[in-house]
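Predicted, not measured: the structure shown is a model, and the values here were computed from it.
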Amino acid sequence: MAAVASVSGIVAAGVLSGAGTAVAEGTPQTQGGATATINGLKTYGEAVIHEAGGDQRVEAGLFEMSVDGGGTLQTYCVDLYSPTQRDAPYRETSWSGTSLGTNKNAGRIRWILQNSYPQVNDLAALARKAGAGSLTEQDAAAGTQVAIWRYSDGAKVDAADPQAEKLADYLQKSARDLAEPQASLTLDPPAVSGRPGALLGPVTVHTNATGVAVSPPADAATTGVRIVDKTGKAVTTAKNGSRLYFDVPKDTEGDASHASGSGGGTAQLTVQASTTVPVGRAFSSDSRSQTQILAGSSESTVSATAGVTWAAEGAIPAVSARKNCADSAVDIIVVNSGDKPFGFALMGAEHTIPAGATRTVTVPLQEDQAYDFTITGPNGFSQRFTGVLDCRTQGVITTQGAKVHNEPSPASVGGGTAAPDTDLAATGGSAITPLIAGAAIGLVVIGGAVLVILRKREQPGD
């Protein structure tokens, strides 16, 4: 019984891990931009997926997200068979950190977004181009999503409505390759380092906003660290192309949690703006909720951060990280501005960055693997990176009993365009549901057997 229970526990743990849980707090791999929470499907119709195990009907259309700090996003799914987690947090991401980074058709998906609903809201004109008699918003959303799935997942999928299907065919055949859009707001590089008593940087602002607000380090009043331009003038606003510097007074120790009292410390600046996020930007979630691609944006709050490390002597590391889906890995970028080598251990391997050098350490990971790296250094330096490597679409489900719908949930935000009992699309959520159910049934059976045996042992004379 112990052996059976142990094996069942392992199976259950393996199944449940596929559903996805939030990772521990750390520094996410983000280039800045918008962060948002997914609300669910807002405008959609139906589609039919053709698989070896049979046809499946799924909802297909536009999701809605609420932006942290204000704003609304509209997105389509680019990972058909992965689950959508309710209220999952998302952040703006470069294509290289998602399945789009290795998808040769990613540019065609962007063309579809720019040439269909909701960017094209004249549905009569869109219907004429597609050769469809007429299109409702639901038809337009469904047809657009179907065309995207054909390129994002290579899926054999059709729109259930004939007019929506004509739109999907038109978009698929007409799509052309477009470049990845720029981020709404980033700081480059995201980390710098150097000696106190000098201007450390620069950090360059990249944004499509007309201007950004610059916030100094939280402990600036006690450390004296300022954000300035190249002349040393304090900066509170910036624009695209602005170059920002950390003015670190000599002998400043900074945040006590990162300094050892030997003239070292860290600080961080934040920039924030209000702008529309460019169509075609990817949005990913470390909850393993399916990757999304932006179809429309209201005026929304976007932000980015950059950090600085300083020390009077020795190694002075500046560390950042980014997902690298081309190599199924996370890249750790280390800059050592000091006069001594910087050594650290990561995933059981020792690494040394020479004085004055920059190195990229590539950490290979398995698909859907959660990671949690902490890099430590001199003067109490410590930086932690957490996340989940989600670089590939889930793939075709061929099991007859597998479903692509999520479980029913309360009506979606947005009113009458959603089905009465549905909130999230699902696309993929229940692909794992039969496995969870099977594991649960197995555990119930085992538990029942244990109870029967124990009761028999309690009988007199046994």
> At what distance, to the nearest 0.5 angstrom, does CD of E59 lie from OG1 of T84?
Replying inline: 10.5 Å
> Between R288 and D390, is there a salt bridge with N-O shorter than 4.0 Å?
Replying inline: no
> Going through the distances and angles, do D79 and T291 end up as a side chain to side chain donor-acceptor pair (under 3.5 Å)?
Replying inline: CA-CA 6 Å; D79 191 358; T291 304; 4.8 Å; no
>> I'd like to check the ring-ring contact (aromatic ring centres under 6.0 Å, His included) partners of F373; sequence neighbours left out, ordered by chain and number.
In response: Y371
> If you draw a 6.0 Å radius around CZ in R195, do more than 12 non-hydrogen atoms from other residues or ligands fall strictly inside?
Replying inline: yes
> Are T270 and S215 close enough, and set up right, to give a side chain to side chain donor-acceptor pair (under 3.5 Å), and what steps lead you there?
Replying inline: CA-CA 5 Å; T270 302; S215 299; 5.8 Å; no
>> Rounded to the nearest 0.5 Å, what separates atom CG in L80 from atom OG1 in T393?
In response: 9.0 Å
>> Taking the basic N atoms (NZ, or NE/NH1/NH2) and the acidic carboxylate oxygens, is any pair closer than 4.0 Å for K104 and D177?
In response: no
> Checking side chain to side chain donor-acceptor pair (under 3.5 Å) for the pair T231/D229: CA distance, chi angles, key distance, verdict?
Replying inline: CA-CA 5 Å; T231 68; D229 61 18; 2.6 Å; yes
> Charged N to carboxylate O below 4.0 Å: is that the case for D286 and K323?
Replying inline: yes
> Is it the case that Q85 and S285 place a side-chain donor and acceptor less than 3.5 Å from each other?
Replying inline: no
> If you count the non-hydrogen atoms of other residues, nucleotides and ligands that lie under 6.0 Å from CD in E180, is the total more than 12?
Replying inline: yes
